[in-house]
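One structure is given below, encoded as structure tokens.
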Amino acid sequence: MALSLSRVPFHRSLPQGTLICVRTYANSPPGQQSPFRIQNVKNTGTSKNKKAFSRKNRIGAFRSMTPSSLTVPVLQPSPNSSLSSVPSFKPELMTENMIGQVVAFSQTPNDPIKYFGTPKNMLLEFRLLSKRCSVIRNITVFTAEELDSAAAEPSHKTRYVLTGPSGCGKSFLLLQSVQYCLAKGWIVIYIPRAKTTVNSTTTHTYDLRTQTYLQPNYAQQTLRRILEVNSANLETLTLREGLNYDRRSFSSGTTLAQLASAGSKDAVISSVVLETLLNELSRQSKIPVLLAVDDFQAIYNQKTAYRDPHFSAIRPYHLAIPRFILEFASGKRSFPKGAILGALTAMDPAFPVTNELIDELNLPGLHPRSPYSKRSKILQEYARGLMNLPVPEEFSPREAASVFETWMRDNALSAPGNDELFLAKYTESAGNPKAFVWQGILGTLEGAAPVVNQNTPWPQLREGRIVVQ
């Protein structure tokens with residue numbers, strides 16, 4: 001290797017005649033590799049590590065096979081695996097006598113799971129099971145009683161945040177609350193992934209009228225979902241005052257269903273229509289309203305992934321959709337009848353639980369904090385008055401037994417369904433609902449093929465009697 005000086009005749013960024021340092025290498029002998037060959041070893045290793053990590057932690061899509069692919073006899077469902085005997089989720093089943101029983105969410109024309117969606121892990125569980133099931137727990141009955149009381153009170157009096165460790169069942173409880181209120185005749189607004197409102201996945205434009213950043217595409221999608229799920233109730237409510245905006249005008253007496261339908265078809269007016277719809281819902285006292293938000297902590301982070309023209313991070317309360325949620329969650333705006341429910345996602349590194357929520361909900365926190373830790377006075381104001389509703393960390397043996405039996409009846413186990421397997425998986429997961437299903441029950445699929453003894457009866461674990469044979 002040698003260093004030499006050479007004169008550059010012409011370059012756009014350098015004056016003519018500038019001396020630069022040039023590094024040259026000797027040519028390697030024929031048939032041998034140059035000792036100075038440059039290899040991006042670090043990037044190559046990082047890429048391999050990322051691929052290995054993604055393969056290790058990848059969650060399958062679990063999409064259903066087409067009927068034409070299920071002609072092989074081994075793929076045909078067993079007559080004993082049917083979940084037809086599982087009762088449908090109904091409000092009258094939310095009693096103490098039903099604690100520990102598995103119920104199924106029926107597929108109705110205004111199915112909230114179909115139109116609003118669900119968190120990803122829940123969606124994958126519903127794809128694996130032949131019916132979308134959940135178990136009634138003590139916290140389910142308590143939440144139903146609280147919602148019954150909220151049906152006659154303003155929503156600012158019932159503002160709960162579901163808290164607990166990862167995998168304890170907060171999202172399932174939130175979905176059960178949505179299904180419960182919808183069956184009781186409420187108007188339901190369900191946002192299963194609130195981080196999509198702040199992660200810059202939809203367009204945003206600045207509005208001089210409100211001095212906030214509008215999210216027209218997200219508002220359009222939200223209106224379409226609200227309309228599909230609550231069309232019957234929205235047909236009974238009308239505009240009290242006319243609305244004139246841009247190219248469209250709506251006279252007083254227009255039903256909220258017609259208003260939402262117009263906004264769901266035109267992104268230009270969708271933000272204004274959504275704002276008007278929420279204003280009308282907050283002025284009527286005929287029908288209770290439930291606002292349920294999963295990933296609730298995402299809208300309480302001090303910065304979002306959205307950027308302004310100066311490429312500075314936009315605050316969540318400067319975005320239209322998160323601001324609506326924050327105003328109702330803080331009680332600054334309220335429905336005459338209804339409730340606000342949120343669920344925290346504790347293990348999201350992109351949108352962690354903030355100090356404002358930790359202080360207000362009296363949570364232990366993942367990291368040490370002090371009075372000198374950074375906090376936002378505006379977000380503290382939006383968090384004031386929120387109430388903590390802790391979800392139990394573990395399944396009770398009765399609840400776990402019902403879940404285990406449901407998966408066993410649906411042929412999800414790759415091992416004999418007996419007491420030893422149940423106790424082993426329940427102990428390995430420490431009773432955590434998510435770990436019990438994903439690492440426990442579904443973890444048996446990684447083992448060998450099962451050898452099932454048809455003569456060994458399954459004990460009556462529903463009643464809490466665990467008998468090891």
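Keep in mind it's a predicted model, so treat the numbers as computed, not measured.
Checked against the 6.0 Å centroid threshold, Tyr180 and Phe89 do not count as a close aromatic pair.
Between the side chains of Ser88 and Ser106, at least one donor N or O sits under 3.5 Å from an acceptor N or O. Side chains of Thr255 and Thr238: a donor-acceptor N/O pair is absent below 3.5 angstrom, by distance only.
A donor-acceptor pair is defined here as one N or O able to donate and one able to accept, closer than 3.5 Å; such a pair exists between the side chain of Ser149 and the backbone of Glu145. The backbone N or O of Asp308 sits nowhere less than 3.5 Å from a side-chain atom of Ser312 that would complete a donor-acceptor pair. When atom types are taken as modelled, the side chain of Glu153 and the backbone of Thr158 share no donor-acceptor pair closer than 3.5 angstrom. Remark: the backbone N or O of Arg398 is paired with a side-chain donor or acceptor of Ser402 at under 3.5 angstrom. In this structure a side-chain-to-backbone donor-acceptor pair under 3.5 Å is present from Asp410 to Ser130. Remark: the backbone N or O of Arg137 is paired with a side-chain donor or acceptor of Thr140 at under 3.5 angstrom.
Remark: Asp295 CG to Lys170 NZ distance equals 10.0 Å, nearest 0.5 Å. Atom CD of Gln302 is separated from atom OG of Ser376 by 5.0 Å, given to the nearest 0.5 angstrom. Taken to the nearest 0.5 Å, the NZ atom of Lys265 stands 14.0 Å off from the OG atom of Ser270. Taken from NZ in Lys131 to OG in Ser85, the straight-line distance is 8.0 Å, to the nearest 0.5 Å. For the atom pair OH of Tyr190 and CG of Asp294, the computed distance is 5.5 Å after rounding to the nearest 0.5 Å. Ser155 contributes atom OG, which lies 11.0 Å from atom CG of Leu341 (distance to the nearest 0.5 angstrom).
Lys337 is not listed as a side-chain neighbour of Ile287, based on a closest heavy-atom distance of 4.5 Å or more. Looking at Val273 and Asp266, their side chains never come closer than 4.5 Å, going by heavy atoms from C-beta outward. At a threshold of 4.5 Å between non-hydrogen side-chain atoms, the residues Pro392 and Glu394 do not count as touching. With contacts defined as side-chain heavy-atom distances shorter than 4.5 Å, the pair Ile113/Val178 does not qualify. Annotation: side chain of Thr143 is in contact with side chain of Leu173 (closest heavy-atom distance under 4.5 Å). A 4.5 Å side-chain heavy-atom check between Leu290 and Ile189 finds every atom pair outside the cut-off. A heavy-atom distance below 4.5 Å is not found between the side chains of Ile187 and Pro288. Within the 4.5 Å cutoff, side-chain heavy atoms of Lys195 are placed close to those of Asp348.
The 12-atom threshold is not exceeded at CD of Glu393, counting heavy atoms of other residues, nucleotides or ligands nearer than 6.0 Å. Within a 6.0 Å sphere centred on NZ of Lys332, other residues, nucleotides and ligands contribute more than 12 heavy atoms. Within 6.0 Å of the CD atom in Glu92, the count of heavy atoms belonging to other residues, nucleotides or ligands exceeds 12. Atom NZ of Lys434 sits in a sparse spot, with 12 or fewer heavy atoms from other residues, nucleotides or ligands closer than 6.0 Å.
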Name each donor-acceptor pair under 3.5 Å that joins a side chain in residues 316-324 to protein atoms two or more places apart or in another chain, with its distance.
{"from": "Arg323", "atom 1": "NE", "to": "Glu327", "atom 2": "OE2", "distance (Å)": "3.3"}
{"from": "Arg323", "atom 1": "NH1", "to": "Tyr317", "atom 2": "O", "distance (Å)": "2.6"}

All N/O donor-acceptor pairs, side-chain side in residues 378-388, below 3.5 Å, sequence neighbours left out:
{"from": "Glu381", "atom 1": "OE1", "to": "Arg384", "atom 2": "NH1", "distance (Å)": "2.3"}
{"from": "Glu381", "atom 1": "OE2", "to": "Arg384", "atom 2": "NH1", "distance (Å)": "3.3"}
{"from": "Asn388", "atom 1": "OD1", "to": "Thr163", "atom 2": "OG1", "distance (Å)": "2.4"}
{"from": "Asn388", "atom 1": "ND2", "to": "Leu361", "atom 2": "O", "distance (Å)": "3.3"}

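Between Phe436 and Phe404, the ring-plane angle classifies as tilted under the 30° and 60° cut-offs. Ring orientation note: the planes of Phe172 and Phe126 are nearly perpendicular, at an angle over 60° on the 30°/60° scale. The aromatic rings of Tyr300 and Phe296 are tilted relative to each other, their planes meeting at an angle between 30° and 60°.
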Phe335/Phe328 under ring pair (Phe, Tyr, Trp, His ring centres under 6.0 Å): CA gap, chis, key distance, verdict: CA-CA 8 Å; Phe335 301 113; Phe328 282 101; 4.4 Å; yes

Stepwise salt bridge (charged side-chain N to carboxylate O under 4.0 Å, His left out) check, Glu275 with Arg209: CA-CA 13 Å; Glu275 179 184 1; Arg209 180 180 61 88; 3.4 Å; yes

Check against salt bridge (charged side-chain N to carboxylate O under 4.0 Å, His left out), Arg132 and Asp111: CA-CA 12 Å; Arg132 305 171 302 183; Asp111 186 9; 2.7 Å; yes

Step-by-step salt bridge (charged side-chain N to carboxylate O under 4.0 Å, His left out) determination, Arg283 to Glu280: CA-CA 5 Å; Arg283 295 170 62 183; Glu280 292 295 330; 3.7 Å; yes

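Between Ser177 and Leu147, the closest heavy-atom pair is CB-CD1, 3.9 Å. Nearest heavy-atom pair, Leu243 versus Leu259, reported as atom, atom and distance to 0.1 Å: CD2-CD1, 4.2 Å. For the pair Gln215 and Thr202, the tightest heavy-atom approach, listed with the atom from each and the gap, is NE2-OG1, 4.2 Å. Of all non-hydrogen atoms in Thr406 and Cys133, the two that sit nearest each other are CG2-SG, 4.3 Å. Listed here is the closest heavy atom pair of Pro216 and Ala267: CB-O, 3.3 Å. When all heavy atoms are compared, the tightest approach of Leu237 to Lys286 is CD2-CD, 4.2 Å.
Contact check on Glu228 versus Arg225 returns no salt bridge, with no Lys/Arg side-chain nitrogen under 4.0 Å from an Asp/Glu carboxylate oxygen. Between Glu356 and Arg375, no side-chain nitrogen of the basic residue sits less than 4.0 Å from a carboxylate oxygen of the acidic one, so the salt-bridge criterion is not met.
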